[in-house]
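All ligand and atom numbering here is 1-based and tracks the order in the structure.
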Amino acid sequence: MGQQNLEISHLNKTFELKEGPLQVLQDISLCVKQQEFVSIVGISGCGKSTLLRIIAGLETYEDGLILNDGKAIHAPGYDRGMIFQESRLFPWLVVEDNVAFGISKENQKRLSKKEKQELVRQYLELVGLEQFAKAYPCQLSGGMQQRVSIVRALIEEPEILLLDEPFGALDALTRIHMQHEVLRIWEHKRMTMLLVTHDIDEAIYLGDRVIIMSARPGTIKREIAVDLPRPRNRSSEGFIRIRKSILQEFFEDQSVVEDFAI
Ligand SMILES: Nc1ncnc2c1ncn2[C@@H]1O[C@H](COP(=O)(O)OP(=O)(O)O)[C@@H](O)[C@H]1O
Ligand SMILES: [Mg+2]
């Protein structure tokens, strides 16, 4: 298997609104190596979701180039999986049928019913939900629902997993639990992960590097390498140092940085 890189160069995106054009992304260039974990942080409205949606092929772009493994991205594909803040499960389908929904048309035809069931079971096992195969989404907690949607996105083994504030709707403890879970999946499956989050600690805890975006229009302001061994300790000196330098990008007032950085 060759090195698959995601390459974004000079990407611009403008929405045409009634009031006029709104430039949301400006000159975004970013190269993500295969199996790299990249976190993206930025204030609400700076274009993070738009960027991920473009990479997913769910949104058009007028300017620039996005290549995955040398091929231009223009439409959704099974090489990329996406996870949203809400789990987006079908409430009328049980867990195993929700997960099976992620299987490609090709594999739906190729695999027998039994093989599909086995595949779904293996993936549910990966996140410890095999006993919940016959449960409906409403019978699961928020964290469990999000696990199911992760599994649904993983079942075709995408090269790139795009996570758009995936734990934003979860309580703080479940969030930390889910961060461990994603780290474990990443270490096990070794895929490329692109995580958008407004949680700076989450970005540092998970990412090989943190991309900081600025707003109106969204640009890449700075990039910080997280040169800490995993699993990371949120109260270590290195972690605090990185948290401080990210906060500095958001707050000019040094006392705010000192308050939050400990
Ligand atoms: N489909 C759309 N049509 C028009 N404007 C949009 C659309 N999607 C997003 N926007 C605008 O683009 C900007 C960036 O949105 P978004 O990418 O969702 O930001 P973020 O995810 O960083 O909060 C916002 O001002 C938003 O209102
Ligand atoms: Mg968003």
Side-chain angles (χ1 to χ4, degrees), residues 6-32 37-66 68 73-76 80-89 142-143 145-146 149-150 152-153 158 160-172 174-175 178-179 182 192-207 209-224 243 246-252 260:
L6 174 70
E7 241 184 289
I8 303 170
S9 41
H10 306 293
L11 175 73
N12 288 300
K13 171 72 186 173
T14 301
F15 285 113
E16 295 300 334
L17 305 180
K18 265 188 266 144
E19 311 83 71
L22 173 73
Q23 184 167 18
V24 174
L25 297 173
Q26 185 180 51
D27 199 26
I28 301 279
S29 292
L30 177 65
C31 197
V32 182
F37 202 130
V38 173
S39 303
I40 301 171
V41 295
I43 62 161
S44 183
C46 77
K48 304 179 298 294
S49 293
T50 304
L51 177 61
L52 279 204
R53 287 173 52 79
I54 289 174
I55 298 169
L58 298 169
E59 187 70 73
T60 58
Y61 55 101
E62 55 273 4
D63 224 356
L65 192 63
I66 306 186
N68 183 26
I73 288 176
H74 284 295
R80 284 151 287 140
M82 185 144 173
I83 293 161
F84 305 89
Q85 183 167 330
E86 339 76 67
S87 62
R88 298 201 179 183
L89 301 174
Q145 288 181 19
Q146 205 53 317
S149 58
I150 291 175
R152 180 173 63 181
I160 306 173
L161 195 61
L162 305 162
L163 303 117
D164 191 1
E165 307 206 29
F167 316 133
L170 304 176
D171 64 86
T174 308
R175 254 185 115 99
M178 291 301 291
Q179 291 162 5
V182 161
T192 308
M193 296 236 187
L194 222 58
L195 168 80
V196 161
T197 176
H198 55 246
D199 181 334
I200 292 173
D201 276 20
E202 182 169 289
I204 304 169
Y205 183 76
L206 293 171
R209 54 193 161 117
V210 179
I211 308 284
I212 302 167
M213 282 180 69
S214 68
R216 271 170 248 286
T219 59
I220 292 181
K221 191 176 182 192
R222 213 182 137 191
E223 182 185 313
I224 293 177
R243 186 189 292 140
I246 294 175
L247 283 166
Q248 246 144 13
E249 298 295 328
F250 292 104
F251 301 101
E252 279 170 22
F260 278 108

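Between Pro217, Gly47, Ala215, it is Gly47 that holds the heavy atom closest to atom 19 (O) of ligand 1. Across the listed options Ile54, Ile43, Val24, Leu17, Val24 owns the non-hydrogen atom lying nearest to atom 12 (O) of ligand 1.
Side-chain atoms of Arg53 never come within 3.5 Å of backbone atoms of Glu59 as a donor-acceptor pair (strictly under, hydrogens ignored). Checking side-chain atoms of Asp63 against main-chain N and O of Leu11 turns up no donor-acceptor pair under 3.5 Å.
Atom CZ of Arg216 is surrounded by 12 or fewer heavy atoms from other residues, nucleotides or ligands within 6.0 Å.
Less than 4.0 angstrom separates atom 6 (C) of ligand 1 from at least one non-hydrogen atom of the protein. Remark: atom 27 (O) of ligand 1 lies closer than 4.0 Å to no protein heavy atom.
Contact between Gly42 and ligand 1 is absent, with no heavy atom of the residue lying under 4.0 Å from the ligand.
Atom 10 (N) of ligand 1 has as its closest protein heavy atom Phe15 CE1, 3.4 Å. Among all non-hydrogen protein atoms, the one lying nearest atom 18 (O) of ligand 1 is Ser49 CB, 3.6 Å.
To the nearest 0.5 Å, the span separating OG on Ser214 from CD on Glu249 amounts to 9.5 Å.
Counting only heavy atoms from C-beta outward, the side chains of Ile73 and Leu6 approach each other to under 4.5 Å. Looking at heavy atoms from C-beta onward, Met213 lies in side-chain contact with Leu25 at the 4.5 angstrom threshold.
Electrostatic pairing of Lys48 and Asp164 does not count as a salt bridge here, judged by no charged N lying under 4.0 Å from a carboxylate O.
Of all protein N/O/S atoms, those lying under 2.8 Å from the Mg ion (ligand 2) come to 1.
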